[in-house]
Amino acid sequence: MKKQRCSEKINLFDLLSEEIVFIILDCLNTNPFDKKSFSLVCKSFYITESKHRKKLKPLRQEHLPAVLIRYSNTTHLDLSLCPRINDHSLFAISKITSFTLQSIDLSRSWGFSSSGLLSLTLSCKNLKEIDISNAVSLKDAGAAALAEAKNLEKLWMGRCKMVTDMGVGCIAVGCKNLKLISLKWCLGVGDLGVGLIAVKCKEIRSLDLSYLPITNKCLPSILKLQHLEDLILEGCFGIDDCSLAALKHRCKSLKVLDMSSCQNISHLGLSSLTSSIGGLQQLTLAHGSPVTLSIANGLKKLSMLQSIKLDGSVVTRAGLKAIGDWCVSLKELSLSKCDGVTDEGLSYVATKHRDLRKLDITCCRKISDVSITHVTSSCTGLTSLRMESCTLVPREAFVLIGQRCRFLEELDLTDNEIDDEGLKSISRCSKLSVLKLGICLNITDGGLAHVGMCCSKLKELDLYRCVGIMDSGILTIACGCPDLEMINIAYLKDITDSSLLSLSKCSRLNTFESRGCPLITSLGLAAIAVGCKQLIKLDIKWCHNINDVGMLPLAHFSQNLRQINLSYTSVTDVGLLSLASISCLQNMTILHVKGLSPNGLAAALLACGGITKVKLQAAFKQLLPQPLIDHLQARGCVFQWRNKAELDPKSWKLLLEDTVP
């Protein structure tokens with residue numbers, strides 16, 4: 001009997017090694033609360049989970065010390081959800097994680113100074129990655145503090161506008177192991193600072209100099225970098241043809257080059273540049289000079305090129321045909337919003353580059369079924385096709401996409417003439433994971449049913465303003481696409497709670513947009529809250545029948561919720577205050593909610609300790625106590641005040657059609 005009792009007390013998990021338990025924990029990545037539940041089983045599980053976790057993304061600054069003490073093996077610390085990080089927080093991080101910390105993200109944080117950064121870089125000797133993007137008040141003293149991170153390999157400093165060449169020079173001297181640095185929008189940094197980076201940091205692989213006031217003076221030093229693979233020069237208006245013509249150094253390692261919005265560069269400059277970077281694989285020339293025959297011929301030298309992006313540029317017929325004559329076999333071509341793309345040019349390119357995998361022809365309004373015929377017959381290996389607002393393409397042409405391009409994983413048909421026959425054909429693309437059908441007014445439940453039955457891997461579905469879709473169509477999607485993560489059913493006015501009850505079975509759903517669905521009630525929302533516990537973003541604007549009854553299940557079950565739009569709902573003070581129990585909640589839009597009082601709103605905002613952004617009617621600005629607003633702003637909350645009703649950004653086309661006789 002004693003032996004039997006002893007055997008009953010044995011915990012089978014105690015027989016597993018720590019390594020095996022770690023493997024089990026590695027599998028619990030679907031729901032962030034799974035590991036928390038695991039740790040609450042028993043004391044040994046609590047300790048094991050604490051040892052296992054290496055990456056942290058805290059919600060509150062005040063909890064940092066306790067969290068870091070528990071998770072003593074933290075190597076990656078993401079503070080992007082903590083807007084207010086002061087020096088005391090950085091001192092605590094420096095002390096607790098001095099031997100383990102390798103990466104820290106402060107890109108959405110403010111309130112710290114050079115003293116806090118210095119403590120961090122001096123104490124954490126193993127620090128390899130720092131992101132301080134958007135630290136607009138950071139000066140050269142802060143940059144000098146970063147220079148003490150001697151083992152730093154990756155540094156993001158986007159929008160650190162007060163840092164000058166002197167600060168960047170300190171980083172160049174102190175951080176010689178840098179492999180990536182982003183100086184995007186660091187307007188105080190010029191040729192001198194960039195030149196010092198190029199001279200001192202010989203291991204640089206990736207360099208982002210977007211919108212810096214640099215000229216040709218620093219380019220030779222940059223191209224001498226023997227390991228440089230990724231160079232971004234977007235919006236560098238000081239670089240022109242003369243700058244590029246003076247280049248004499250060849251950068252054999254460069255694979256990715258972005259020269260978007262460099263409008264002072266013509267075919268002459270590009271010809272000089274391509275002579276120096278023969279191994280280039282990806283080139284972006286968006287919003288630049290017109291793509292003429294001369295430019296296309298100049299780029300012909302790039303024998304390794306696989307991807308070219310010309311978004312927003314004027315493309316001539318001769319230029320597009322010249323791209324088709326390149327000897328290289330392009331894998332990706334982006335012509336989004338390119339004026340000048342015609343059937344003749346696009347068809348020619350498609351027949352010549354049969355290995356295309358990604359094609360973006362968004363808003364190419366001059367193409368018709370002729371282009372689609374050539375694209376689908378020649379580029380049968382396409383995995384991504386974006387063709388929003390190709391309004392001259394007739395509905396019959398969309399059948400060809402499903403018949404010939406069976407490997408598609410992403411398809412954007414927003415604002416097109418596709419009908420149910422087209423959807424039936426597209427449903428043959430069994431690998432489809434992203435499908436966008438917004439403002440496709442000819443589709444109905446019948447066509448959507450084929451997608452639900454055949455596209456089981458679908459993760460994102462956009463049905464914005466698809467007025468022919470009703471509950472039965474949503475039911476087939478919910479039943480056939482169990483891995484659905486995002487769905488937009490905004491302004492589907494015939495959708496009822498039945499659709500939400502169906503979608504509640506999609507346990508991985510994290511983004512749900514249902515604005516302008518007047519028949520949806522709190523009952524349907526409660527079903528979503530109970531079934532979709534990974535919900536992160538919720539938009540129920542203009543859902544008048546949703547009230548406090550819907551907020552209570554959200555408050556209890558949707559603990560991952562970060563963003564919510566409650567505008568024009570029937571929520572009152574009670575419902576809004578209940579949302580304060582959602583510790584992840586950061587972003588709220590609350591416009592024209594008649595049931596709210598100033599006192600109720602003030603109590604809710606004060607109780608939502610993690611709120612970082614709130615959009616309110618301007619009338620509340622005078623009704624809320626100024627000390628409360630000051631307190632919330634000091635805590636890291638940003639207020640956006642609105643005077644008028646906001647226009648839906650996607651509805652311009654429909655409004656225009658209503659006004660034109």
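It should be emphasised that the depicted structure is a prediction, and the values quoted were computed from it without experimental measurement. Scope of the values below: all heavy atoms of this structure, side chains included, with no hydrogens, waters or symmetry mates.
The backbone N or O of Thr373 lies less than 3.5 Å from a partner atom in the side chain of Arg404, making a donor-acceptor pair. Side-chain N or O atoms of Ser253 include one that pairs as donor or acceptor with a backbone N or O of Leu228 at under 3.5 Å. The main-chain N or O of Met470 is never found under 3.5 Å from a side-chain atom of Asp494 such that the two would form a donor-acceptor pair. A donor-acceptor pair under 3.5 Å is absent between the side-chain atoms of Ser371 and the main chain of Ile367, judged by distance alone. Counting only distance, with no hydrogens or angles, the side chain of Asp165 and the backbone of Asp191 share no donor-acceptor pair below 3.5 Å. Remark: side-chain polar atoms of Ser272 are paired, donor with acceptor, to backbone N or O of Leu268 under 3.5 angstrom. Of the possible donor and acceptor atoms, none in the side chain of Asp258 sits under 3.5 Å from a partner among the backbone N and O of Ile232. Between the side chain of Ser433 and the backbone N or O of Glu409 there is at least one donor-acceptor pair closer than 3.5 Å. When atom types are taken as modelled, the side chain of Ser378 and the backbone of His374 share a donor-acceptor pair closer than 3.5 angstrom. With hydrogens and angles disregarded, a donor-acceptor distance shorter than 3.5 Å links the side chain of Asp539 to the backbone of Lys541.
Leu484 is listed as a side-chain neighbour of Ile477, based on a closest heavy-atom distance under 4.5 Å. Contact annotation: the side chain of Leu413 approaches that of Ile426 to within less than 4.5 Å [non-hydrogen atoms, C-beta and beyond]. Counting heavy atoms from C-beta outward, Val375 and Leu359 have side chains that approach closer than 4.5 Å. In this structure, the side chains of Lys613 and Gln563 stay at 4.5 Å or more apart for every pair of heavy atoms. Residues Ile239 and Asn264 form no side-chain contact, since every pair of their non-hydrogen atoms from C-beta on lies 4.5 Å or further apart. At least one side-chain heavy atom of Leu408 sits less than 4.5 Å from a side-chain heavy atom of Leu382. Between Gln403 and Arg428, some side-chain heavy-atom pair lies under the 4.5 Å cut-off. No side-chain heavy atom of Leu385 sits under 4.5 Å from any side-chain heavy atom of Cys405.
Of all heavy-atom pairs spanning Ser260 and Thr284, the tightest one is OG-CG2, 3.1 Å. Between Leu212 and Trp185, the shortest heavy-atom contact is CD2-N, 4.2 Å. Residues Asn510 and Gln534 come closest through the heavy atom pair CB-O, 3.4 Å. Listed here is the closest heavy atom pair of His450 and Ser427: O-CB, 3.4 Å. Closest non-hydrogen pair, Lys436 versus Asp412, comes out as CB-OD1, 3.4 Å. Nearest heavy atom pair, residue Leu233 against residue Cys262, reads O-SG, 3.2 Å.
Taking CZ from Arg357 and CZ from Phe407, the interatomic distance works out to 8.5 Å, rounded to the nearest 0.5 Å. With values rounded to the nearest 0.5 angstrom, Lys457 atom NZ is found 12.5 Å from Cys481 atom SG. The distance from atom OG1 of Thr444 to atom CG of Leu441, rounded to the nearest 0.5 Å, is 12.5 Å. Between the CG atom of Leu432 and the SG atom of Cys455 there is a distance of 5.0 Å, given to the nearest 0.5 Å. Note that the OG atom of Ser261 and the OH atom of Tyr211 stand 4.5 Å from one another [nearest 0.5 Å]. Distance CG/Leu448 to CG/Leu463: 5.5 Å, rounded to 0.5 Å.
There is a side-chain donor-acceptor pair under 3.5 Å between Ser389 and Asp415. No side-chain donor from either of Thr383 and Lys431 sits under 3.5 Å from a side-chain acceptor of the other. Judged by distance alone, the side chains of Ser80 and Asp105 never bring a donor and an acceptor atom under 3.5 Å apart. Using modelled atom types and a 3.5 Å distance limit, the side chains of Ser307 and Glu332 yield a donor-acceptor pair.
Note on ring orientation: taking the six-membered ring where Trp is involved, the planes of Tyr568 and Trp542 are parallel (angle under 30°, cut-offs 30° and 60°). In this pair, Tyr491 and Tyr464 present their aromatic rings perpendicular. The plane angle is above 60°, beyond the 30 to 60° band.
With salt bridges taken as basic N to acidic carboxylate O contacts below 4.0 Å, none links Lys459 and Asp483. A salt bridge links Arg386 to Glu410: at least one charged side-chain nitrogen sits closer than 4.0 Å to a carboxylate oxygen. A salt bridge is absent between Asp208 and Lys184; no separation between the charged side-chain nitrogens and carboxylate oxygens falls under 4.0 Å.
Applying the 6.0 Å contact sphere to NZ of Lys301 captures more than 12 heavy atoms from other residues, nucleotides or ligands. Heavy-atom neighbours of Lys154 NZ from other residues, nucleotides or ligands within 6.0 Å: at or below the threshold of 12. With a 6.0 Å radius and a threshold of 12 heavy atoms from other residues, nucleotides or ligands, Lys331 has its NZ atom above the threshold. The local environment of CD in Gln226 is sparse, with at most 12 non-hydrogen atoms from other residues, nucleotides or ligands closer than 6.0 Å. With a 6.0 Å radius and a threshold of 12 heavy atoms from other residues, nucleotides or ligands, Met453 has its CE atom above the threshold.
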Intermediate values then yes/no, side chain to side chain donor-acceptor pair (under 3.5 Å), Asp355 and Ser329: CA-CA 6 Å; Asp355 291 331; Ser329 184; 2.8 Å; yes
Residues Ile197, Val168; criterion side chain to side chain contact (heavy atoms under 4.5 Å, CB included); working and verdict: CA-CA 7 Å; Ile197 289 288; Val168 172; 3.5 Å; yes
Worked check of side chain to side chain contact (heavy atoms under 4.5 Å, CB included) between Cys466 and Leu492: CA-CA 6 Å; Cys466 294; Leu492 305 192; 4.2 Å; yes
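Looking at Leu254, Leu231, Ile204 one by one, the single match for side chain to side chain contact (heavy atoms under 4.5 Å, CB included) with Leu225 turns out to be Ile204. Checking Leu423, Asn488, Thr414, Asp462 one by one against Leu437, the side chain to side chain contact (heavy atoms under 4.5 Å, CB included) holds for a single residue, Leu423.
The side-chain tip of Lys321 points at the ring of Tyr348 from less than 6.0 angstrom away and within 45° of straight on.
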Indicate every side-chain donor-acceptor pair of residues 310-320 with a distance under 3.5 Å to a residue at least two apart or in another chain.
residue	atom	partner	partner atom	Å
Asp311	OD1	Ser334	OG	2.4
Asp311	OD1	Ser336	N	3.3
Asp311	OD2	Ser334	OG	3.3
Ser313	OG	Leu285	O	3.2
Ser313	OG	His287	N	3.2
Ser313	OG	Gly288	N	3.3
Ser313	OG	Leu310	O	3.3
Thr316	OG1	Val291	O	3.1
Thr316	OG1	Gly319	N	3.0
Arg317	NH1	Glu344	OE1	3.3

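The list of salt bridge (Lys or Arg N to Asp or Glu O under 4.0 Å) pairs with a residue in residues 366-375, not counting sequence neighbours, reads Asp339-Lys366.
Applying the salt bridge (Lys or Arg N to Asp or Glu O under 4.0 Å) criterion to Glu203, with sequence neighbours excluded, gives Arg205.
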